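Below: one structure, written as structure tokens.
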Amino acid sequence: MNYYCHRCNIFDGSWVYDNTHPLYNSAGCPFIRQQFDCQRNGRPDKLYLKYRWQPAACNLPGFNAIDFLHRYYGKRILFVGDSLSLNQWQSLTCMLHAAVPKAKYFLSQKPPIYVFHLLDYKLEIMMQWHQFLVDVDTEKIGRVLKLDSIKGGDAWKGMDLLVFDSWHWWFYRPPQQPWDYIQVGNNVYRDMDRIKAFKFALQTWARWVDSDVDPMKTKVFYQGISPSHYYGREWGKPQGNCTGETHPLSKDMSFAPKSIGVELVRSVLSGMRNPPYFLDISLLSQLRPDAHPAAYVNPQHNGGDCTHWCLAGLPDTWNQLLYTILIYN
């Protein structure tokens with residue numbers, strides 16, 4: 001098989017055992033967040049670390065951190081979204097630090113902004129917590145989610161690489177729901193169909209990308225829809241969730257319905273003048289119920305996280321795919 005080419009769908013494939021993995025040791029990433037550090041939190045098994053994504057029709061190039069650092073010398077990378085964006089941002093910072101462990105860096109993790117600055121390479125890798133992409137303004141009536149307003153986009157201008165993510169927070173209900181009203185134009189609603197709201201907001205974001213991003217300077221990605229694994233029946237497990245899972249699934253073992261979010265994102269991107277690259281990580285992530293922290297989201301083992309991903313782990317593959325697209329486009 002050849003390395004990545006334009007005719008190969010790098011998102012269609014399977015997980016294969018590879019003893020050279022993981023790409024780094026989480027113990028060597030001193031700034032990894034506790035919620036992602038499954039090994040330090042006491043996860044006893046390590047088999048989940050030993051799998052590599054193998055596209056069906058080609059081979060992926062390895063992640064070459066030194067090449068990445070030279071390509072992005074003096075540049076600025078920004079992830080925008082929710083905690084899945086944070087997961088991917090953390091993965092990339094660990095992958096690069098592992099390649100140049102003696103390089104000086106500056107780290108700041110003060111929500112909503114997270115910054116990792118590799119000083120020797122003048123490279124800034126940032127993450128901004130902005131889970132809806134559109135604005136949430138505090139007004140007299142309360143917190144208003146404005147589906148056609150994206151003033152927050154001013155902070156995204158001038159970046160060399162942008163990676164966006166939004167999905168999971170659209171379906172939260174009180175008390176987790178971080179808004180009180182939804183506004184479209186002059187119309188204010190107590191609530192509305194969340195799928196329609198997401199699509200409306202994504203169209204607002206798409207117009208912003210088309211009008212405010214210079215495609216000659218900035219590469220733009222949409223992360224795709226990262227799946228959760230709370231219902232074992234989706235992979236033939238009568239009860240339970242991702243807890244205790246130790247192996248990837250094959251495609252014929254996953255019965256989860258395809259996320260409607262994937263088709264919504266595709267539909268919005270297809271109507272754009274300068275469509276971003278779609279990092280379609282849904283299928284390959286759906287096959288990894290074993291890769292979540294589950295109880296090992298903290299040292300007390302009293303969690304049950306089947307949404308986020310262990311590091312080292314699955315998001316490293318997301319970044320390998322990101323790198324693959326960058327070097328071949």
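No experiment lies behind these values; they were computed from the predicted model shown.
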Charged N-O contact under 4.0 Å between E139 and K146: yes
task: Answer with yes or no whether the hydrophobic clustering places Y172 together with V144; edges join I, L, V, M, F, W, Y residues whose side-chain heavy atoms lie under 4.5 Å apart.
output: no
- request: Kindly write out the residues that satisfy side chain to side chain donor-acceptor pair (under 3.5 Å) with N87, not counting sequence neighbours, or none if the list is empty.
  value: none
message: According to salt bridge (Lys or Arg N to Asp or Glu O under 4.0 Å), who are the partners of D280, at least two apart in sequence or on a separate chain?
response: R266
query: Is there a side-chain contact between F200 and L202 (heavy atoms, below 4.5 Å)?
result: no
- request: Tell me, please, which residues at least two apart from R43 pass side chain to side chain donor-acceptor pair (under 3.5 Å).
  value: D45
task: Given ring pair (Phe, Tyr, Trp, His ring centres under 6.0 Å), test F171 with W167 step by step and report yes or no.
output: CA-CA 8 Å; F171 306 98; W167 179 247; 4.7 Å; yes
- prompt: Are L78 and M127 side-chain neighbours, meaning at least one heavy-atom pair lies under 4.5 Å?
  reply: no
- prompt: Would D135 and K151 pass as an ion pair if we require N to O under 4.0 Å?
  reply: yes
message: Centre-to-centre under 6.0 Å for F31 and F116, is that the case here?
response: yes
message: Centroid separation under 6.0 Å, is that true for the rings of H292 and H229?
response: yes
task: Would you kindly confirm whether V16 and W318 end up in one hydrophobic cluster when ILVMFWY residues are joined by side chain heavy atoms under 4.5 Å apart?
output: no
Side chains of W205 and S166 in contact at under 4.5 Å (non-hydrogen atoms): no
field: Residues in ring-ring contact (aromatic ring centres under 6.0 Å, His included) contact with H168, at least two apart in sequence or another chain
entry: none
field: Charged N-O contact under 4.0 Å between K157 and D214
entry: no
- request: Is it possible for you to check whether R288 lies under 6.0 Å from the centre of the six-membered ring of W15, through NZ or CZ, and within 45° of that ring's axis?
  value: yes
query: Between F132 and W170, is the gap from one ring center to the other below 6.0 Å?
result: yes
Partner residues of Y181 under the ring-ring contact (aromatic ring centres under 6.0 Å, His included) criterion, sequence neighbours left out: none
- request: List in chain and number order the residues that pass ring-ring contact (aromatic ring centres under 6.0 Å, His included) with H130, two or more places apart in sequence or in another chain; answer none if no residue qualifies.
  value: W156
- prompt: Considering only heavy atoms from C-beta outward, does the side chain of F68 approach that of L96 to under 4.5 Å?
  reply: yes
- prompt: Can F79 be reached from L123 by stepping across I, L, V, M, F, W or Y side chains whose heavy atoms are under 4.5 Å apart?
  reply: yes
message: Does any part of the side chain of D148, heavy atoms only, come nearer than 4.5 Å to the side chain of V134, both counted from C-beta?
response: no
field: For Y222, all residues meeting side chain to side chain donor-acceptor pair (under 3.5 Å), sequence neighbours excluded
entry: none
field: Residues K251, D12: salt bridge by 4.0 Å N-O rule
entry: yes
- prompt: Measuring from F63:CZ to N319:CG, what's the distance to the nearest 0.5 Å?
  reply: 6.5 Å
field: W179 vs I182 side-chain heavy atoms within contact, under 4.5 Å
entry: yes
Any side-chain heavy-atom pair of V265 and F164 under 4.5 Å: no
query: Could you go step by step and tell me if K237 and E245 meet the salt bridge (Lys or Arg N to Asp or Glu O under 4.0 Å) rule?
result: CA-CA 10 Å; K237 183 179 178 180; E245 294 293 324; 3.2 Å; yes
task: Flag yes if I77 and V115 sit in one hydrophobic cluster, no otherwise; membership is Ile, Leu, Val, Met, Phe, Trp, Tyr, and two members link when side-chain heavy atoms are under 4.5 Å apart.
output: yes
message: Rounded to the nearest 0.5 Å, what separates atom CD1 in I281 from atom OG1 in T317?
response: 11.0 Å
message: For the CG atom of L311 and the CG atom of L49, what is their distance to the nearest 0.5 Å?
response: 10.0 Å
- request: Step through it carefully: locate the ring centre of Y105, locate the ring centre of H117, and say whether they are under 6.0 Å apart.
  value: no
- request: Quick one: list whatever passes salt bridge (Lys or Arg N to Asp or Glu O under 4.0 Å) with R143, sequence neighbours left out.
  value: D180
Under the side chain to side chain donor-acceptor pair (under 3.5 Å) test, residues paired with Q35 that sit two or more places apart: R33
Distance flag, aromatic centroids of Y51 and H21, threshold under 6.0 Å: no
Salt bridge (Lys or Arg N to Asp or Glu O under 4.0 Å) partners for E234, two or more places apart: none
- request: Taking only Lys NZ, Arg NE, NH1 and NH2, and the carboxylate oxygens of Asp or Glu, determine whether K217 and D160 approach each other closer than 4.0 Å.
  value: yes
Spacing of I150 atom CD1 and R207 atom CZ [to the nearest 0.5 Å]: 9.0 Å
task: For F221, enumerate each residue passing the ring-ring contact (aromatic ring centres under 6.0 Å, His included) test, keeping only those at least two apart in sequence or located in another chain.
output: Y277
- prompt: Do you reckon L145 sits in the same ILVMFWY cluster as V188, going by side-chain contacts under 4.5 Å, direct or chained?
  reply: no
message: Suppose the criterion is side-chain hydrogen bond (donor to acceptor under 3.5 Å, both in side chains): which pairs have a residue in residues 66-81, not counting sequence neighbours?
response: D67-R71, D67-Y323, R76-E124
message: Applying side chain to side chain donor-acceptor pair (under 3.5 Å) to D316 and S91, what does each step give before you reach the verdict?
response: CA-CA 6 Å; D316 305 330; S91 161; 2.6 Å; yes
